[in-house]
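Have a look at the structure below before the remarks.
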2 protein chains.
Amino acid sequence: MPSDTPLTPQSLDASFSLPPGRVLDICVRLQNAILAQRLKPGAKLSEDEVGEIFSSSRTVIRAALQALAHTGLVEIKKNRGAYVAKPTIINAHEVFEARTLIEPEVTRRAAKNITAEDLKKLTKHIEAEHLALASNDISKALALSGIFHIAIANIASHAVYSNIVQSLITQSSLIIALYAKRPDTACESHSHAALLEAFSKGDGEAAAAIMQSHLVDLHSGLNLRTLPVEQPSLAKALAGI
Amino acid sequence: MPSDTPLTPQSLDASFSLPPGRVLDICVRLQNAILAQRLKPGAKLSEDEVGEIFSSSRTVIRAALQALAHTGLVEIKKNRGAYVAKPTIINAHEVFEARTLIEPEVTRRAAKNITAEDLKKLTKHIEAEHLALASNDISKALALSGIFHIAIANIASHAVYSNIVQSLITQSSLIIALYAKRPDTACESHSHAALLEAFSKGDGEAAAAIMQSHLVDLHSGLNLRTLPVEQPSLAKALAGI
DNA sequence: CAAGCAAAAATTGTATACAATATGGCATTG
DNA sequence: CAATGCCATATTGTATACAATTTTTGCTTG
């Protein structure tokens with residue numbers, strides 16, 4: 001069972017220019033719900049409904065939904081409301097192409113800046129990933145895997161890259177949830193461990209190379225030929241099941 | 001004198017997930033005002049004031065300001081309101097580093113997709129740039145120069161890159177306005193013409209190389225050692241002037 | 001019985017009113 | 001006279017009420 005809210009407000013606020021106060025809180029909770037697959041792609045996010053759940057007015061909900069729309073987790077259609085984003089195959093390719101271009105460079109920079117303390121934190125993080133995988137908590141492992149990449153971007157001390165990477169990774173989580181051939185393989189923390197070793201040796205080029213092949217692996221581990229299973233409810237009803 | 005609104009709503013909406021309807025309109029007008037330097041960095045954007053100018057309620061103004069905050073043109077401080085962003089020197093470096101990484105790749109992709117029609121449009125665009133420069137309309141030339149880069153990103157047919165590039169370029173315009181040693185040199189359309197030639201030859205690698213050196217030139221054309229004239233009030237008071 | 005239209009319900013877009021927080025000036029006090 | 005604390009003012013954060021648009025449903029009509 002998914003233990004709650006792997007992402008903290010701080011982990012976002014660090015590199016994010018988000019609306020202040022309660023809006024941020026709701027952003028985080030919505031984001032966690034989406035990434036944990038409790039809100040499935042395509043699900044409608046009615047302002048009234050969401051507002052009642054979080055016992056807030058539509059005003060703040062709207063702000064949160066717009067913020068999430070900017071990161072690509074939510075799609076807002078004019079006069080038709082907000083929906084959990086359902087990334088297309090093309091979008092999936094684009095996101096991973098962008099990551100493959102940007103994250104190796106970010107990794108190179110992180111290697112220059114990384115401190116002993118950072119290394120310790122990352123080590124603990126990887127342990128947490130193993131734990132989640134061992135207990136078959138896929139959605140948590142997925143979330144932790146994403147946070148690992150975001151942590152590296154933050155170590156790079158480059159706010160612009162951090163913002164870009166954060167947005168790409170949240171989208172990736174959705175994409176992996178939708179398109180991964182075998183979700184558990186997408187969470188493999190082997191590459192993360194290798195990355196850590198390169199970091200500890202201070203070998204930025206090796207780290208960048210590992211990151212690149214890690215992303216290529218993730219990309220090719222997606223099933224981007226057929227559309228994800230969907231629309232079952234209506235079909236089932238008609239089939240008489 | 002600046003002829004009005006170089007950016008059209010369409011030119012934004014194409015690659016942007018923005019709030020619908022009137023909010024988008026106000027976003028564009030605010031953005032134009034900021035990029036045209038009619039709103040200077042650090043200027044306060046009071047919701048009431050802006051709302052009265054555009055004769056809209058604070059609700060829609062808030063949405064627009066939040067959207068602009070996401071692109072980095074506006075900074076929102078909790079309980080203190082929105083201000084035109086005043087990019088730091090660090091931020092300036094970061095933005096151009098990111099552009100130097102991303103735009104050459106985008107250019108490479110654009111070279112693969114570019115059509116005869118696209119080439120025609122870009123040619124006309126460069127003519128407009130020359131015209132603006134000839135008539136000493138620096139702010140217009142600057143805006144056009146930005147649009148040129150955005151146009152290339154759109155030709156690349158890569159929505160993710162388009163979004164990133166668009167955000168980086170709007171920030172760049174602010175940065176150039178603040179830090180350019182000689183604003184007119186930042187608008188030089190020579191590189192753009194060279195780019196066009198590479199495109200017409202179908203030479204993607206050459207185009208990418210030109211784009212990269214173009215960006216390096218822009219970056220090194222900035223005066224990023226001294227802060228832009230500001231903060232004088234307190235310093236002067238202490239100095240006794 | 002199907003198709004098209006019209007009215008009603010629901011949902012989003014916008015405006016306004018109220019509450020909370022920060023700023024600036026003034027008075028009080030040491 | 002300077003410094004500090006307090007109150008008035010202004011501005012943002014939030015909630016609610018109204019308008020506009022879309023979607024659904026039921027009716028009429030061919």
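No hydrogens, no waters, no symmetry mates; every other heavy atom, side chains included, goes into these values. Since the structure is predicted, the reported quantities are computational estimates derived from the model, not experimental observations. Order of the sequence lines sets the chain letters (A, B, ...), proteins ahead of strands, with each chain counted from 1.
Rounded to whole angstrom, the span from the CG atom of B:Asp25 across to the P atom of C:dT14 amounts to 11 Å. Rounding to whole angstrom units, CG of residue B:Asp48 and P of C:dA17 are separated by 13 Å. As rounded to whole Å, 11 Å separates atom C1' of D:dA20 from atom CZ of B:Arg22. Spacing between atom CG of A:Leu65 and atom P of C:dT11 amounts to 15 Å, rounded to whole angstrom units. Between A:Phe54 atom CZ and D:dT14 atom P there is a gap of 15 Å when expressed in whole angstrom units. Between A:Lys78 atom NZ and D:dT21 atom C1' the separation is 9 Å, expressed in whole Å. The separation between A:Tyr83 atom OH and D:dT22 atom P is 13 Å, rounded to whole Å. If you take CD of A:Glu47 and C1' of D:dT16, they are 14 Å apart, rounded to a whole angstrom.
Distances from the side chain of B:Arg58 to the nucleotides D:dT14, C:dA22, D:dA17 place D:dT14 closest. Distance from the side chain of A:Asn79 is smallest to D:dT21 among C:dT21, D:dT21, C:dT14. Across D:dT12, C:dT12, C:dA15, the shortest atom-to-atom separation from the side chain of B:Val60 is found for C:dA15. Residue B:Val23 has its side chain nearest to C:dT14 when only D:dA15, D:dG13, C:dT14 are considered. Residue A:Thr59 places its side chain closer to D:dT16 than to any other of C:dG13, D:dT16, C:dT21.
Contact annotation: A:Lys44 does not reach the phosphate of C:dA10 (side-chain N/O to OP1 or OP2, under 4.0 Å). Look at B:Arg62 and you won't find any side-chain N or O under 4.0 angstrom from OP1 or OP2 of C:dG13.
Between the side chains of A:Asp118 and A:Thr115, at least one donor N or O sits under 3.5 Å from an acceptor N or O. Neither side chain, A:His219 nor A:Arg99, offers a donor N or O lying under 3.5 Å from an acceptor on the other.
Using cut-offs of 30° and 60° for the angle between ring planes, the A:His192 and A:Phe148 rings count as parallel.
For the residue pair B:Asp184 and B:Ile138, the shortest heavy atom distance occurs at CB-CD1, 3.9 Å. Across all non-hydrogen atoms, the minimal contact from B:Lys181 to B:Asn223 is CG-CB, 3.7 Å.
Residue side chain B:Arg80 does not reach the base of D:dG13 through any donor-acceptor N/O pair under 3.5 Å, judged by distance alone.
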